[in-house]
Undergrad: 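To start, I am sharing the structure in question, which I have written as structure tokens.
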Amino acid sequence: MTDLPARRLLLVHAHPDDESINNGATMARYAADGALVTLVTCTLGEEGEVIPPALAHLAADRDDSLGPWRQGELAAAMKELGVTDHRLLGGPGRFRDSGMMGVEQNHRPGAFWSADVDEAAGYLVEVIRSVRPQVLVTYDPDGGYGHPDHIQAHRVATRAAELAADPAYRAGSGAPHTIAKIYWNRVPRTVAEEAFAHLRATAPDTFPGIAAIGDVPGVANDTLITTEIDGTDYAEAKAAAMRAHATQIALTGPFFALSNDLGQPVLTTEYYELVSGVPGAAPGAREDDLFAGVTGADQ
Ligand SMILES: [Zn+2]
């Protein structure tokens, strides 16, 4: 374990593209700084809608070959971010995209939403005990915006963090490991409001419509935000990673749309809420580093 980099960051996401939208600048920044950045994606996003007409045949209701395609998009995105350690929970295709809440795909065999949380968490415990991250980033309990796979990713990540630390859990398969700090992805409400105002003022006709603030995952009152990662230097890397997810994201300047054609701002400063661990900033101040205060994580 002595050959691991001093700082190790684990991110758990539901589908390929979530990591680039939520954390692209953070991932690029820490990878460039020499930290080990590990991404675990829980499904291949097989149920996603496809934006480019020429690729519409990949969709679940036609060829049902979107999963492997998105695996390629994810690999290309990770290249843009400089992230070399990206994994699929339980291996490719172990858990399938569950579709939006309430559709029949929620309950098809293999759907991530129907998976046993402890069983799915077991795969993540293996990763945690081998990579030994000091920092875990995932979604809030609502998955940021209520998508079943995002909610399940939160549950699995949270459970895995507990189990990985428990010496009695699968004793003998990797030394127990306690993650020092756990964060949820957030967007401060005032930042979202300003960014949407900017979009309406400067590019009102770029997209067929403009998203509502409620469509942005993780929006929360500013007082909940503990941590702000300045990704200005990595804005290009984040944009390139988002462009790599071409079946899912249409990027125009500092704005993007998903398959619903509703414009949203691309945020290059990324925000977090520390929910477990000791804050590395003075009371009332925001951290500017996910590893702030972590013993042994100095550069
Ligand atoms: Zn997603």
Side-chain angles (χ1 to χ4, degrees), residues 10-27 39-51 58-60 66-78 81 83 86-90 92-103 105-106 108 110-115 117 120 124 136-158 183-187 211-212 214-219 238 241-251 256-262 264-267 270-272:
L10 171 65
L11 304 102
V12 177
H13 275 292
H15 312 111
D17 80 354
D18 292 317
E19 79 297 322
S20 298
I21 297 169
N22 286 279
N23 314 107
T26 302
M27 293 171 75
L39 170 68
V40 175
T41 307
C42 297
T43 79
L44 285 172
E46 295 91 337
E47 297 292 325
E49 289 177 41
V50 176
I51 295 175
L58 298 170
L66 186 55
W69 186 275
R70 292 186 70 177
Q71 208 179 337
E73 291 183 338
L74 180 60
M78 292 306 96
L81 298 180
V83 170
H86 50 103
R87 312 170 186 217
L88 293 157
L89 187 68
R94 173 66 186 83
F95 299 106
R96 185 177 164 108
D97 188 335
S98 312
M100 300 305 273
M101 188 64 90
V103 302
Q105 287 90 330
N106 293 178
R108 69 182 275 169
F112 190 45
W113 181 240
S114 300
V117 169
L124 192 56
L136 167 67
V137 170
T138 189
Y139 313 110
D140 68 23
D142 184 43
Y145 72 114
H147 189 294
D149 291 327
H150 287 239
I151 294 171
Q152 187 79 322
H154 161 84
R155 291 176 181 168
V156 167
T158 305
Y183 290 95
W184 293 341
N185 290 304
R186 287 293 184 207
V187 176
D215 297 331
V216 177
V219 171
K238 175 170 181 164
M242 289 176 68
R243 273 194 297 270
H245 292 290
T247 61
Q248 305 300 307
I249 298 173
L251 199 79
F256 74 102
L258 302 172
S259 61
N260 60 14
D261 273 344
L262 300 177
Q264 298 188 40
V266 177
L267 299 180
E270 295 168 343
Y271 300 87
Y272 301 90

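Remember, it's 1-based here, ligands and their atoms both numbered in the order they're listed.
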Undergrad: Among His13, Arg186, His147, Gln152, exactly one meets side-chain contact (heavy atoms from CB on, under 4.5 Å) together with Tyr139. Which residue is that?
TA: His13
Undergrad: If the threshold is 4.0 Å, N to carboxylate O, is there a salt bridge linking Lys238 and Glu270?
TA: yes
Undergrad: Which protein N, O or S atoms lie under 2.8 Å from the Zn ion (ligand 1), given by chain and residue number?
TA: His15 ND1, Asp18 OD1, Asp18 OD2, His150 NE2
Undergrad: Can you name the residues that form a side-chain contact (heavy atoms from CB on, under 4.5 Å) with Ala244, not counting sequence neighbours?
TA: Ala76, Ala77
Undergrad: Ignoring hydrogens and angles, tell me if any N or O in the side chain of Thr43 forms a donor-acceptor pair with the backbone of Phe95 under 3.5 Å.
TA: no
Undergrad: Between Tyr272 and Tyr183, what is the ring plane arrangement, given parallel below 30°, perpendicular above 60°, and tilted in between?
TA: perpendicular
Undergrad: Please test Met101 against Ile151 for side-chain contact (heavy atoms from CB on, under 4.5 Å), starting from the C-alpha separation and ending with a verdict.
TA: CA-CA 10 Å; Met101 188 64 90; Ile151 294 171; 3.9 Å; yes
